[in-house]
Amino acid sequence: MSIELLAPGGSYDSVIAALNAGADAVYTGGNLFGARANAQNLTLDELYSAIEYAHLFGKKIYLTINTLIKEKEIEEQLFNYLLPLYEYGLDAVIVQDMGVLLFVKENFPGLHIHASTQMTVSGKLTVKELEKLGVTRIVTPRELSMNEIKMIHESSEMEIESFVHGALCYCYSGQCFMSSYIGGRSGNRGQCAQPCRMEYDIIKNGETLNSGNNKYVLSPKDICTLRILPDIIETGVYSLKIEGRMKKPEYVAGVVSIYRKYIDKYFDSKERYDVDEKDIKLLADLFNRNGFSESYYYKHNDSDMISLKKPVFRTENTEFIKFLKEKYVSMRKKYLLDITVVIEKNTPIELSTWINGERIVFQGKRPLIAENRPITEDVVLKQLSKLGNTNFEIYNMDIQLSDGVFVQVGYLNQLRREFIEEVKKFILSKDRRKKVEQKKFTKVRYYNDSIRINVLVSDLKQLNPVLKNNYVKRIYIEEYALHEKNISKLIKKVHEENKEMFLAMPYMFREKDKKILHKKFGNDLLKFDGFLIRNIEQYYYLDKNGLENNYVFDYNVYTYNSIAKDYYLSEEIVPTVPLELNYRELKDRGCEKEEFIAYGYMPVMISAGCGLKTFKQCDSKNTTYEIIDRLNNKFATKCICNYCYNIMYNCKALSLLGYGAEIKSLNPGSIRLNFTFETECQVRDSLKQYIDVFIHNHKITDNTDSTRGHFKRGVL
């Protein structure tokens, strides 16, 4: 059983330090499309050099293109960005965007595709489908348990990559809009400003739960899994991933070297595996937030996982840092060569070596006949050993030298350079690829005859004014708003009003959730007219269970570009227009046949962490509490207790009431209004206004304290 130790490379020095310290592979970013846009990302020449250095020593380089990519970017930049690296032998790309996944599969044959943790792949059904699309590895969400990962491993041949050390996000990766809404810096675009690391209060029924200095309620401790490493390996994880592309080379080298030690220790003797507390201390010296946690492998959430207090200033372990710099950061590995040099009269000079069972031979000119002093073995040895800044070193040199011959020192230097270049080309040639031509995706244009108004409700009281409105033909209802005793009756009531009833699925959908959903709804699932999908696993689960129904993918099943959008439409799935693209970008992409959210308190975080459970206040009653920042912005947060996750909503409602003409020019198939905390009266009034704008073409100015989201400015 082989295991990969995968390290972060936020800079060229970090890549080299990771490989020197024992990493089997490094994931790193270039100047585009990486989820760490503010890291010291590598230039093209540095990426070439990193690939070369890794491949010389049997290691791998993975490129992060794990952000959502806009229409113009995928049309004009992505191919030319990847092509030279593809030709040079890049081992894999890490992707979040379905459009990018399809683009890479079509344009770059043989390039491995790893599905990023940003894709929020929560179950085995999605893994199987991604495998069909050409994905070779899945990076699991940090929130998955040991058992869930094991189930994925047992159901698929897909490689599994899971985080074992480093920073832990509070939100499910790929489901966070907090930085995006607060400051316009999108985590889905690699620009996260980490607002979760700031101070907040948690308020329940007017009472502040986090007294004193316990203000860092959204800031998890870093992960450290040394003690449970054998369990993770035996669960079926192939690649053990260290987080840290924003960290210094010394951090990377230190963490990698310690995990390398314990992986080797496990394989040397599983029975005698134990962890020296001194190594935990060294890891803490490098970085920690008030200690470590073992992530979600054995816990669904817990107060012990949250930092709560401001991280204390750490005194630098100067001795350890100095050791890491000298041994891993400043050092460069050398590929050791045994070479044979033959310099004989009337015969071309020959340099040769054996690489992986094959003999590499390089011939130069014939040596001269010595007029005065013939060349000596010492001179040959000295000149051919001068490999300087190359990645090679002569381990042994067999010199076969005839008497009375002469070779100029300058020519020996030239031979050395040309021979080493040939050796390097041979070693790296197995990874080189032929140039490919770009394959264009045809953008599909659709035309809608009319626009319709759809409504999502989160409370049964909100249903009353919606049912009485003749313009609304489809109602989505949040799963948590329904009680199993009245589901059938409620669906019948909606149908009697000549309206469709769609079930708005939970935002997360894990293995245990399938049983919960089935137990609650049973055959009543068949009575719904369709489903609003929030996690791709839901789609495959429902489809597998015979619910060949209407499916709408919500905004968080992303379709930033027309490739992703057209792919889902071809599967007869209706996407929801992305929330982070501005009007011009949406025009480029196209919005026909899709659903457009024009109103609603939009989620900024979907988290396994629970603010109430952190402070031992869990009541299992779908309670709504508030998270308040230093500017007194109030983020209503709802506990979804059946599935045990939290939805944190933005402090302001999205309202695009004043942009009716622009939105209609995008020609979406429907407009959706999302109601969460609104009263019956507020629902009735809002509904009337949006019908006036989108059906009757009235102009209304929105004077409420709401937000226009990203419709005007977008995100970088």
Side-chain angles (χ1 to χ4, degrees), residues 35 68 96 117-120 122 141-143 167-189 191-204 209-210 215-221 295-296 300-302 305-308 458 478 480 504 506-510 534-535 554-558 578-580 597 600-615 622-631 633-641 643-654 674 676-677 707 709-710 715:
L68 301 176
Q96 174 187 12
T117 188
Q118 290 285 116
M119 288 190 86
T120 327
S122 65
R142 293 167 176 86
E143 291 81 2
L168 178 64
C169 293
Y170 189 79
C171 182
Y172 277 96
S173 296
Q175 302 300 310
C176 188
F177 284 79
M178 196 167 190
S179 176
S180 177
Y181 283 140
I182 291 175
R185 292 177 56 181
S186 171
N188 283 315
R189 297 279 294 168
Q191 299 281 350
C192 181
Q194 295 191 314
C196 52
R197 304 298 182 188
M198 306 299 285
E199 296 180 352
Y200 297 90
D201 282 322
I202 290 187
I203 310 295
K204 178 186 177 186
L209 303 185
N210 55 320
K215 300 293 185 183
Y216 293 85
V217 296
L218 305 180
S219 181
K221 298 174 182 177
S295 192
Y296 294 92
H300 184 75
N301 46 35
D302 194 274
M305 296 174 68
I306 307 300
S307 177
L308 290 182
S458 305
E478 291 285 4
Y480 61 77
Y507 277 92
M508 283 310 301
F509 200 64
R510 294 163 61 170
R534 267 78 175 262
N535 180 280
D554 210 351
Y555 69 93
N556 64 324
V557 183
Y558 301 108
L579 296 178
E580 292 183 303
I597 300 175
Y601 283 93
M602 302 310 301
V604 294
M605 275 195 185
I606 310 296
S607 67
C610 174
L612 297 189
K613 198 167 181 183
T614 296
F615 293 98
N622 286 353
T623 301
T624 299
Y625 61 96
E626 289 183 323
I627 295 177
I628 302 180
D629 68 13
R630 293 177 299 174
L631 300 176
N633 292 309
K634 297 178 174 65
F635 300 86
T637 304
K638 187 166 187 61
C639 300
I640 310 300
C641 295
Y643 303 93
C644 199
Y645 68 85
N646 279 192
I647 308 172
M648 185 196 302
Y649 292 94
N650 197 14
C651 54
K652 293 183 179 181
L654 170 71
N674 284 2
T676 46
F677 311 111
T707 175
H710 296 296
V715 294

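Test Ile202, Ile203, Thr614 against Asn210 for side chain to side chain contact (heavy atoms under 4.5 Å, CB included) and you get one pass: Ile202. Under the ring pair (Phe, Tyr, Trp, His ring centres under 6.0 Å) rule, His710 has a single partner from Phe177, Tyr555, Tyr181, which is Tyr181.
With sequence neighbours left out, the side chain to side chain contact (heavy atoms under 4.5 Å, CB included) criterion links Asn622 to Tyr480, Lys638, Cys641. Listed by chain and number, the residues in a ring pair (Phe, Tyr, Trp, His ring centres under 6.0 Å) with Tyr625 amount to none (sequence neighbours excluded). Every side chain to side chain contact (heavy atoms under 4.5 Å, CB included) that Pro578 has, sequence neighbours left out, goes to Thr559, Tyr560, Leu581, Leu586, Arg589. Listed by chain and number, the residues in a ring pair (Phe, Tyr, Trp, His ring centres under 6.0 Å) with Phe509 are Tyr541 (sequence neighbours excluded). Ala653 is linked by a side chain to side chain contact (heavy atoms under 4.5 Å, CB included) to Tyr599, Tyr601, counting only residues two or more places apart in sequence or in another chain.
Residue pairs meeting the salt bridge (charged side-chain N to carboxylate O under 4.0 Å, His left out) criterion with at least one partner in residues 169-189, sequence neighbours excluded, are Glu73-Arg189.
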Working for ring pair (Phe, Tyr, Trp, His ring centres under 6.0 Å), residues Tyr172 and Tyr507: CA-CA 10 Å; Tyr172 277 96; Tyr507 277 92; over 10 Å; no
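Under a 3.5 Å cut-off, the side chain of Asp201 and the backbone N or O of Ile628 do not form any donor-acceptor pair. Side chain of Tyr643 to backbone of Pro506: no donor-acceptor contact under 3.5 angstrom is found.
Pairing each heavy atom of Ala608 with each of Asn301, the nearest pair is O-ND2, 2.8 Å. The shortest heavy-atom contact between Glu143 and Arg510 is O-NH2, 2.8 Å.
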